[in-house]
Amino acid sequence: MRTLPLLALVGCAAPSVDALDNQLHTHVVNGPDETAEIFLDAIDSAETKLDFALPKGQDTRLSDALIAAQDRGVAVRVITDFDEAASPAISALLAAGVPTTLADDGITYFEFLLGDTVTWPSEQTIMSHAFAIVDYELTPYRYAKPRVIQATDLGGMEAGPRVVF
C-alpha cells in the first residue's frame with residue numbers, strides 16, 4: 001500500500017484593496033483652474049524628481065511652479081509639444097533653463113501595407129498626454145513610491161470638463 005503525504009491547506013483571506021501599494025482616485029473637474037490646482041499641489045510637494053508632460057503652454061502658473069521646483073533643487077524634466085515652444089509657459093521654461101524636450105514635431109514612417117512613406121506635419125499632430133510623476137527612484141536597492149497624476153488636458157485655458165486620475 002502506498003501512502004500519500006498529507007497536505008494541509010491553510011485558507012487565505014481575500015486580498016484587501018487597502019493593503020495595495022497604490023490608490024487610484026478619479027476626479028471630473030470643471031475647467032483649467034481646477035485641473036491646474038491638482039498639478040500645482042503635486043509640483044509644490046516634489047522633493048527630489050519631477051517628470052512633467054505639458055501639452056499646452058498658456059497657463060504660466062504651471063511654468064512658474066516648475067521653475068520654482070527646479071530652483072529649490074528638484075530635478076525637473078518637461079516634455080511638451082513642439083508647436084507650443086513660443087507659448088508663454090513653455091518659453092518661460094526654456095528661458096529659465098528647465099530641461100524641456102520639444103516633441104511631436106510631425107510624424108513620418110514607412111507604411112508597409114501601402115508600400116510608401118506616410119507623413120503628417122507638426123501642425124496636424126498634437127501631444128495628447130498630460131502627466132506628472134513626482135519623487136520616484138528605481139534602483140536595484142531602493143524603490144520610492146511615486147505620485148503619478150494624469151489628466152485629459154493641461155496647460156490650456158479652454159473651458160470644459162477634464163478627467164484627472
Side chain to side chain contact (heavy atoms under 4.5 Å, CB included) between Thr26 and Val164, intermediate numbers included: CA-CA 6 Å; Thr26 304; Val164 181; over 6 Å; no
Residue pair Phe39 / Leu154, side-chain heavy-atom distance below 4.5 Å: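 A side-chain contact exists here, since the closest heavy-atom pair is under 4.5 Å.
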Side-chain heavy-atom pair Leu102, Glu84 within 4.5 angstrom cut-off: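 Result no, sub-4.5 Å side-chain heavy-atom pair not found.
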Taking only residues two or more places apart in sequence or in another chain, which ones pass salt bridge (charged side-chain N to carboxylate O under 4.0 Å, His left out) with Arg77?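 With sequence neighbours excluded, Arg77 shows a salt bridge (charged side-chain N to carboxylate O under 4.0 Å, His left out) to Asp51, given in chain and number order.
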Find out if a path of hydrophobic residues (ILVMFWY) with successive side-chain heavy-atom gaps under 4.5 Å connects Val148 to Met127.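 Not linked; separate clusters.
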Determine whether Phe82 and Ile90 fall in the same hydrophobic cluster, where Ile, Leu, Val, Met, Phe, Trp and Tyr are linked whenever their side-chain heavy atoms lie under 4.5 Å apart.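 Phe82 and Ile90: one cluster.
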Does any N or O in the side chain of [X] come within less than 3.5 Å of the main-chain N or O of [Y], such that one atom is a donor and the other an acceptor?
X: Thr48; Y: Asp135; value: no
X: Arg72; Y: Ala46; value: yes
X: Thr101; Y: Ile79; value: no
X: Thr119; Y: Thr108; value: no

Identify the two heavy atoms, one from [X] and one from [Y], that lie closest to each other, and give their separation to 0.1 Å.
X: Ala130; Y: Pro55; value: CB-CD, 3.7 Å
X: Ser87; Y: Ser91; value: O-OG, 2.8 Å
X: Pro161; Y: Asn30; value: N-OD1, 4.1 Å
X: Ile67; Y: Ala92; value: CD1-O, 3.7 Å
X: Asp83; Y: Asp81; value: N-OD1, 2.9 Å
X: Pro99; Y: Gln70; value: CD-OE1, 3.2 Å

Look up atom CG in Leu62 and atom OG1 in Thr35, then write down how far apart they are to the nearest 0.5 Å. 9.5 Å
CD1 on Ile38 to CG on Asp33, rounded to 0.5 Å: 11.5 Å
Please identify which of these residues, Leu40, Val74, Val76, meets the side chain to side chain contact (heavy atoms under 4.5 Å, CB included) condition with Leu66. Val76
Testing Leu54, Val98, Leu93, Thr100 one by one against Ser63 for a side chain to side chain contact (heavy atoms under 4.5 Å, CB included), which residue passes?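 Exactly one pass, corresponding to Leu93.
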Go through the steps for Ile43 and Phe52 under the test side chain to side chain contact (heavy atoms under 4.5 Å, CB included), then give the verdict. CA-CA 9 Å; Ile43 296 167; Phe52 208 85; 3.7 Å; yes
Please collect all side-chain hydrogen bond (donor to acceptor under 3.5 Å, both in side chains) contacts where either partner lies in residues 154-165, sequence neighbours excluded, each pair once.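 For residues 154-165, and leaving out neighbouring residues, the side-chain hydrogen bond (donor to acceptor under 3.5 Å, both in side chains) pairs sorted by first residue read Lys56-Glu158, Asp153-Arg162.
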Report the residues that fulfil ring pair (Phe, Tyr, Trp, His ring centres under 6.0 Å) with His129, sequence neighbours left out, ordered by chain and then residue number.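 In terms of ring pair (Phe, Tyr, Trp, His ring centres under 6.0 Å), with neighbours along the sequence ignored, His129 is linked to Phe131.
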Evaluate the ring planes of Phe110 and Phe112, with Trp represented by its six-membered ring, and classify them as parallel (under 30°), tilted (30 to 60°) or perpendicular (over 60°). perpendicular
